[in-house]
Amino acid sequence: MSSTADTRLFPAVQAPVGTARLTAAPAADYATHQSTFGPLPAQADSAALLAALRDSGLEGRGGAGFPAWRKLAAVPARERARRRRVVVIGNAAEGEPLSQKDATLLLRSPHLVIDGLLTVAGALGARSVYLYAQASVIESATRALAERADASAIELREAADTFISGEASAVVNALAGRAPIPQDRTVRLTESGLGGRPTLLHNVETLAHIALIARFGAAWFRSVGTTGDPGTRLVTVGSDGHPSRVLEVAGGSRIGDVLRFTGVDTGSLSAVLVGGYHGAWLPAYALEARLDRADLAGFGANPGAGILMGLGERRCPIAVAAAVASYLAGETAGQCGPCVNGLPAMAAVLGRLATGDRDPGLPGEVRRLAAIVTGRGSCNHPDGTARFVLSTLTVFADDVTAHLNGHCRKDHR
């Protein structure tokens, strides 16, 4: 980032120290927010913000992990020059049942999200700005928006309570008054999104990080975390018998350390689901892996939306996976063959394996169906579901064998 950008983006307050960044403010009100983080800096132009985000290495926190600067750069230069036409959306739909991080952020630090929206909108000259959030945080978000005069342009909309409601094109459909389902697109939203206008959509945690980078710079952001996963991230952590908690952790933290911090006995786990229902299983012997793409790649996993859910060694993973697959098969848009036919068929075969059918061809049939649906859907829902199911067959191969032999003695509830 240039020295000019540094001068414009840094406030006269001390930057948060340690990993409590997004969660640094002791209360959610605007006065506390300003005393903790300082006022929102003077508007940066798109070039200055783009440079700051590129240098920071911030990846999107909604699940896909797309570099934040690339989304900004993807808005065509002609549109950035024309200004006003660009649409900016903060996405807090959080349809993933295991995730609580976006809701927690909007309850604890709503003004960082608002700051992020205003920062991006200001850099792009956008006049159409939306916050799309689940019902549980509408009251908190409404209160926060009412506290500040600079947020009058932000329009708050309630998200549908479905798994796929947070997919980017589903959000745009919802804001346009259509069904909140994904759309098979050949044109990027940054070129033609809501109302045919270039549309920039970020997860709300991403926006909150942008608000802090705008204040304290890329070097500060990178002072915590690892080279491959700089900064902090919010993680929803839980396991059998332990309610979920949301933590702010350094990028690249060891998964076992995060679990133990919440009181989970990692010695009692058979695996940890990383990334939620579209994620993958990490076997218990690998819990010292870091929560970053490089360490998790060998297991077919990635940090995703920041979910770590431990599975106790006494619970049957095949039964758990069958229930999840059945849920996902029912959470489709119903607009393409892989979702309408493929996912229910795959869930049904996995369910047969879980409930005692000893046909030795069942695992192979699951894999065949997973291959059929992958890459053929109108959105990524079939791919994510297939990834989860295939990870189950791989990580829990011994349990699959036990089921086929009629020897599983684990808890199937």
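Because only heavy atoms are used, hydrogens play no part in the values below, and waters and symmetry mates are left out as well, while side chains stay in.
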Stepwise side chain to side chain contact (heavy atoms under 4.5 Å, CB included) check, L291 with V235 | CA-CA 10 Å; L291 189 59; V235 183; 3.9 Å; yes
For E191 and R85, what are the C-alpha separation, side-chain angles and deciding distance, and is it a salt bridge (Lys or Arg N to Asp or Glu O under 4.0 Å)?
-> CA-CA 11 Å; E191 294 181 10; R85 295 188 68 251; over 6 Å; no
Report the C-alpha separation of T199 and V86 in whole Å, then their side-chain angles, then the decisive distance to 0.1 Å, and conclude whether the side chain to side chain contact (heavy atoms under 4.5 Å, CB included) test is met.
-> CA-CA 6 Å; T199 300; V86 178; over 6 Å; no
Steps toward side chain to side chain contact (heavy atoms under 4.5 Å, CB included) verdict (I307, V274) | CA-CA 6 Å; I307 296 164; V274 181; over 6 Å; no
What do the steps show when you test C336 against R376 for side chain to side chain contact (heavy atoms under 4.5 Å, CB included), and what is the final call?
-> CA-CA 9 Å; C336 67; R376 291 178 170 86; over 6 Å; no
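Using a 4.5 Å heavy-atom threshold, the side chains of V172 and I89 count as touching. Annotation: side chain of L72 is in contact with side chain of L124 (closest heavy-atom distance under 4.5 Å). No side-chain heavy atom of L247 sits less than 4.5 Å from a side-chain heavy atom of L234. Proximity of L269 to L311: side-chain heavy atoms (C-beta onward) are nowhere separated by under 4.5 Å. Contact check for F37 versus L212: side-chain heavy atoms found under the 4.5 Å cut-off. Looking at P110 and Y30, their side chains never come closer than 4.5 Å, going by heavy atoms from C-beta outward. Residues R21 and V224 form a side-chain contact, since some pair of their non-hydrogen atoms from C-beta on lies under 4.5 Å apart. Residues V400 and L393 have side chains in contact (heavy-atom distance under 4.5 Å, counting atoms from C-beta outward).
Minimum interatomic distance between A218 and A52 (heavy atoms only, all atoms of both residues): CB-O, 3.6 Å. Across all their heavy atoms, S56 and I213 have their closest contact at OG-CD1, 3.5 Å. Contact detail for A144 and I114: the closest heavy-atom pair is CB-CD1, 3.9 Å. Across all their heavy atoms, V395 and A271 have their closest contact at CG1-CB, 4.5 Å. Residues V17 and Q14 share a closest heavy-atom pair of CG2-NE2, 4.0 Å. Residue V373 comes nearest to P338 through the heavy atom pair CG1-O, 3.8 Å, listed as atom of the first residue, atom of the second, then distance.
Side-chain N or O atoms of S326 include none that pairs as donor or acceptor with a backbone N or O of A322 at under 3.5 Å. A donor-acceptor contact shorter than 3.5 Å links the side chain of S140 to the backbone of L106. Looking at H412, its side chain never comes within 3.5 Å of a backbone N or O of A319 through a donor-acceptor pair. Of the possible polar contacts, none joining the S165 side chain to the G95 backbone as a donor-acceptor pair under 3.5 Å is found. Under a 3.5 Å cut-off, the side chain of E248 and the backbone N or O of T23 do form a donor-acceptor pair. D383 places a side-chain N or O within donor-acceptor distance of the main-chain N or O of G375, the cut-off being under 3.5 Å. With hydrogens and angles ignored, the 3.5 Å screen pairs no side-chain donor or acceptor of K71 with any backbone N or O of L200. A donor-acceptor pair is defined here as one N or O able to donate and one able to accept, closer than 3.5 Å; such a pair exists between the side chain of T236 and the backbone of Q100. When atom types are taken as modelled, the side chain of N91 and the backbone of G166 share a donor-acceptor pair closer than 3.5 angstrom. Proximity of a side-chain donor or acceptor of E155 to a complementary backbone N or O of Y130 within less than 3.5 Å is not detected.
At most 12 heavy atoms of other shown residues, nucleotides or ligands fall within 6.0 angstrom of atom CG in D161. Dense packing is recorded around CZ of R352, with more than 12 heavy atoms of other residues, nucleotides or ligands lying under 6.0 Å away.
Remark: R215 fails to qualify as a cation-pi partner of W220 under the 6.0 Å distance and 45° angle criteria applied to the six-membered ring.
Between the side chains of E96 and H278, no donor N or O sits under 3.5 Å from an acceptor N or O. Using modelled atom types and a 3.5 Å distance limit, the side chains of T32 and D29 yield a donor-acceptor pair. Residues T262 and R245 bring no donor and acceptor atom of their side chains to less than 3.5 Å of each other. Donor-acceptor pairing under 3.5 Å is recorded for the side chains of R197 and S128. No donor-acceptor contact under 3.5 angstrom links the side chains of T36 and Q34, judged on distance only. Between the side chains of H33 and D115, at least one donor-acceptor pair of N or O atoms lies under 3.5 Å.
Here the OG1-CG distance, from T206 to L53, works out to 10.0 Å after rounding to the nearest 0.5 Å. Distance check: L50 CG to D55 CG gives 9.5 Å after rounding to the nearest 0.5 Å. To the nearest 0.5 Å, atoms OG1 (T332) and CD1 (I164) are separated by 6.5 Å. Summarising the geometry, atom CZ belonging to R148 is positioned 5.5 Å from atom CG belonging to L118; distances are rounded to the nearest 0.5 Å. Here the straight-line distance linking atom CZ of R222 with atom CG of L58 works out to 10.0 Å at 0.5 Å rounding. Rounded to the nearest 0.5 angstrom, I181 CD1 and S378 OG are separated by 9.0 Å.
Residues R368 and E365 are paired through a salt bridge, judged by an N-O separation under 4.0 Å between the basic side chain and the carboxylate. One finds no salt bridge joining E59 and R61 here, because no Lys/Arg side-chain nitrogen approaches an Asp/Glu carboxylate oxygen to under 4.0 Å. E94 has no carboxylate O lying under 4.0 Å from a charged side-chain N of K101, or vice versa, which leaves the two without a salt bridge. Salt-bridge formation is detected for the pair R315/D240: a Lys NZ or Arg NE/NH1/NH2 atom is positioned less than 4.0 Å from an Asp or Glu carboxylate oxygen. Electrostatic pairing of R413 and D411 counts as a salt bridge here, judged by a charged N lying under 4.0 Å from a carboxylate O. A salt bridge does not link E147 to R143: none of the charged side-chain nitrogens sits closer than 4.0 Å to a carboxylate oxygen.
Listed by first then second residue, pairs satisfying ring-ring contact (aromatic ring centres under 6.0 Å, His included) with a partner in residues 286-327 read Y277-Y327, not counting sequence neighbours.
Between H209 and H202, the ring centre distance reaches or exceeds 6.0 Å.
Checked against salt bridge (charged side-chain N to carboxylate O under 4.0 Å, His left out), D398 has no partners two or more places apart in sequence or in another chain.
By the 30° and 60° cut-offs, the orientation of the rings of W281 relative to F396 is perpendicular.
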